[in-house]
There are 2 protein chains.
Amino acid sequence: MSTAKKISASSARERILEVATDLFYRQGYRATGINEVIDKSGVAKATFYNHFPSKDELYEASLNILSENELRYVDDGINAATEPRERFLSVLKWLKPWATETNFRGCAFLHAATEVPNAESKIRKVGTRLYDSIRSRVERLAKELVSSDQAYQHLDAKKLASDYMVAFAGAVSQAEIYHAVWPIEQAIETIERLIGE
Amino acid sequence: MSTAKKISASSARERILEVATDLFYRQGYRATGINEVIDKSGVAKATFYNHFPSKDELYEASLNILSENELRYVDDGINAATEPRERFLSVLKWLKPWATETNFRGCAFLHAATEVPNAESKIRKVGTRLYDSIRSRVERLAKELVSSDQAYQHLDAKKLASDYMVAFAGAVSQAEIYHAVWPIEQAIETIERLIGE
DNA sequence: TCAAAACTAGACAGACCTGTCTGTATGTTC
DNA sequence: GAACATACAGACAGGTCTGTCTAGTTTTGA
């Protein structure tokens with residue numbers, strides 16, 4: 001298989017994925033028809049069904065893309081900070097610029113939980129896997145924080161990570177409900193209160 | 001208008017509302033057809049459209065019912081407790097039995113935010129109004145708590161209420177994502193840590 | 001008793017949905 | 001230049017959706 005062939009093949013697939021990810025997030029999964037995805041991707045229907053066996057599989061693929069992107073942003077945010085405290089808080093703070101975007105509509109994986117009631121479906125697993133990944137990063141940063149300074153030694157890193165995840169999820173869902181940024185600022189303050197300002 | 005007429009008229013309406021509230025919550029709004037609501041309510045299509053001008057208006061009415069019920073449960077939980085600390089924690093603790101129900105699928109108003117992207121729509125306002133109502137109760141209970149005992153006097157009631165709402169929302173959304181109860185228990189612990197165990 | 005109101009069943013319009021299929025065009029590989 | 005993969009356009013089947021409408025029946029209230 002030549003390189004040119006590969007590029008051309010994957011570019012159709014990627015165009016579909018890009019369009020679908022955007023439409024599913026903005027309009028919702030059920031509210032978006034496959035025909036709209038096809039039209040906006042500029043591909044033929046047969047081409048689409050050549051790449052994805054069904055709409056559901058497209059949804060799953062698009063959520064996987066989103067999940068990878070989100071984790072990358074999280075990691076970039078962590079790595080951009082140097083101090084343990086800032087590294088720890090970066091996961092929450094990263095939410096703020098995201099929520100300020102006009103496109104912000106909350107967590108795509110919570111949307112998936114709404115639109116796909118079956119919690120055992122592969123689509124739903126993408127969400128739990130992502131939250132697990134975020135949690136493991138937060139636990140690592142919490143340990144890092146606790147052992148970084150005397151001032152934090154009274155904290156239990158594991159419990160702190162749990163608190164953090166509760167605040168993280170609460171921030172995102174309240175930001176969606178109110179379509180506002182202030183819940184995220186409040187969640188940051190909550191965590192700051194827990195670790196001491 | 002006689003009482004009998006009122007009862008008969010409202011019983012068809014109430015049957016529709018009951019069925020719709022259940023189906024919309026369990027299956028989702030878009031995933032539920034008006035025909036299914038009509039069949040399961042045992043009413044004629046014309047009767048349905050006599051009571052509700054559109055599916056959207058039915059959704060709004062059903063969310064309003066849910067909102068009233070939820071507030072009633074919250075208030076009952078508060079009133080069942082006597083100690084300020086228990087009254088304060090009751091709003092969070094009430095989530096546990098709810099999440100244990102087989103039907104539990106998270107917050108119906110967050111679902112509405114997913115399925116109705118327009119944050120300015122009347123449907124969405126039902127959710128923000130409910131969360132505002134819960135917050136005002138939590139603020140009242142936080143003040144009550146802070147002034148109840150020396151041990152709580154270092155706390156800022158307003159900020160505590162904000163923390164509480166973040167934890168509350170985080171608990172519900174994580175419980176939905178993971179389809180589990182432990183996020184609620186974690187949120188309770190988070191708040192207990194904030195006020196001192 | 002009788003008119004008005006509310007109910008029943010269900011056909012129907014018109015739009016949308018997913019997924020299949022036919023047939024053609026293009027470009028690469030051997 | 002034959003074989004192949006991949007792309008294209010778009011008709012089509014078979015089903016769903018919301019909302020309208022006709023027509024007949026029951027209930028209600030004065």
Side-chain angles (χ1 to χ4, degrees), chain A residues 1-21 23-24 26-63 112 114-118 121-123, chain B residues 1-21 23-24 26-63 112 114-118 121-123:
Chain A
M1 247 195 259
S2 86
T3 317
K5 201 176 182 179
K6 247 188 194 160
I7 283 172
S8 142
S10 69
S11 107
R13 190 176 200 274
E14 275 165 18
R15 237 180 314 146
I16 294 168
L17 269 175
E18 205 170 310
V19 168
T21 304
L23 291 179
F24 288 164
R26 278 186 13 237
Q27 308 179 340
Y29 175 58
R30 298 195 86 103
T32 303
I34 220 67
N35 292 323
E36 191 180 358
V37 174
I38 284 162
D39 289 349
K40 298 224 164 102
S41 314
V43 302
K45 208 162 200 178
T47 304
F48 168 76
Y49 278 101
N50 211 36
H51 286 290
F52 300 96
S54 70
K55 193 190 174 189
D56 265 23
E57 301 249 4
L58 171 63
Y59 192 29
E60 195 193 330
S62 116
L63 288 175
T114 296
E115 302 217 67
V116 182
N118 175 16
S121 87
K122 283 163 75 188
I123 288 169
Chain B
M1 245 196 260
S2 87
T3 317
K5 198 176 180 179
K6 249 186 189 161
I7 283 173
S8 145
S10 69
S11 109
R13 192 175 198 273
E14 274 164 18
R15 236 179 316 147
I16 294 168
L17 269 175
E18 206 171 307
V19 168
T21 305
L23 292 178
F24 288 164
R26 279 190 8 240
Q27 309 179 338
Y29 175 58
R30 298 195 85 103
T32 303
I34 219 69
N35 292 323
E36 191 181 358
V37 174
I38 284 162
D39 289 349
K40 298 223 163 105
S41 315
V43 301
K45 208 162 198 178
T47 305
F48 168 75
Y49 278 102
N50 212 34
H51 285 291
F52 300 95
S54 71
K55 193 190 175 190
D56 266 22
E57 300 249 4
L58 171 64
Y59 193 29
E60 195 194 329
S62 116
L63 288 176
T114 296
E115 301 217 67
V116 181
N118 175 15
S121 86
K122 282 163 76 187
I123 288 169

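Note that the structure is predicted; figures quoted are calculated from it, not measured. Within every chain, numbering begins at 1; the chains are lettered A, B, ... in the order of the sequence lines, protein sequences first and strands thereafter.
Listed pair A:H51 / D:dT6 fails the phosphate criterion, with no side-chain N or O lying under 4.0 Å from OP1 or OP2. Checking the phosphate oxygens (OP1, OP2) of C:dT8, a side-chain nitrogen or oxygen of B:T47 falls inside 4.0 Å.
Looking at the side chain of A:A46, the nearest of the listed nucleotides D:dG10, D:dT18, C:dT8 is D:dG10. For A:S54, counting side-chain heavy atoms from C-beta on, the closest listed nucleotide (C:dG19, D:dC8, D:dC21) is C:dG19. Ranking D:dC17, D:dA7, C:dT20 by closeness to the A:N50 side chain, first place goes to D:dA7. Here the nucleotide nearest the side chain of B:I34, chosen from D:dC8, C:dT18, D:dT18, is D:dT18. For B:A44, whose side chain is taken as the heavy atoms from C-beta onward, the closest listed nucleotide among C:dT8, C:dG19, D:dA9 is C:dT8. For A:Y49, counting side-chain heavy atoms from C-beta on, the closest listed nucleotide (C:dG10, C:dT20, D:dC8) is C:dT20.
A:A12 and A:H51 make their closest contact through CB-NE2, 4.1 Å (heavy atoms, listed as atom of the first residue, atom of the second, distance). Minimum interatomic distance between A:I38 and A:V43 (heavy atoms only, all atoms of both residues): CG2-O, 3.1 Å.
The CD1 atom of A:I38 sits 12 Å away from the C1' atom of D:dC8 (whole-angstrom rounding). If you take NZ of B:K55 and P of C:dA15, they are 19 Å apart, rounded to a whole angstrom. Between the C1' atom of D:dG19 and the CD atom of B:E36 lies a distance of 18 Å, rounded to the nearest Å. Note: CZ (A:F48) to C1' (C:dT18) measures 10 Å, nearest angstrom. Distance, B:F52 CZ to D:dT20 C1': 18 Å, rounded to whole Å. For the pair B:D39 CG and C:dT8 P, the computed distance is 12 Å after rounding to whole Å. Rounded to whole Å, atom C1' of C:dC17 lies 15 Å from atom CD of A:Q27. Put simply, CG on B:N35 is 13 Å from P on C:dG10, counting in whole angstrom units.
The main-chain N or O of B:D56 is never found under 3.5 Å from a side-chain atom of B:K122 such that the two would form a donor-acceptor pair.
Between B:Y29 and B:Y59, the ring-plane angle classifies as parallel under the 30° and 60° cut-offs.
To the nearest 0.5 Å, atom NZ of residue A:K45 and atom CG of residue A:D39 are 9.0 Å apart.
With hydrogens and angles ignored, a donor-acceptor pair under 3.5 angstrom links the side chain of B:K45 to the base of D:dG19.
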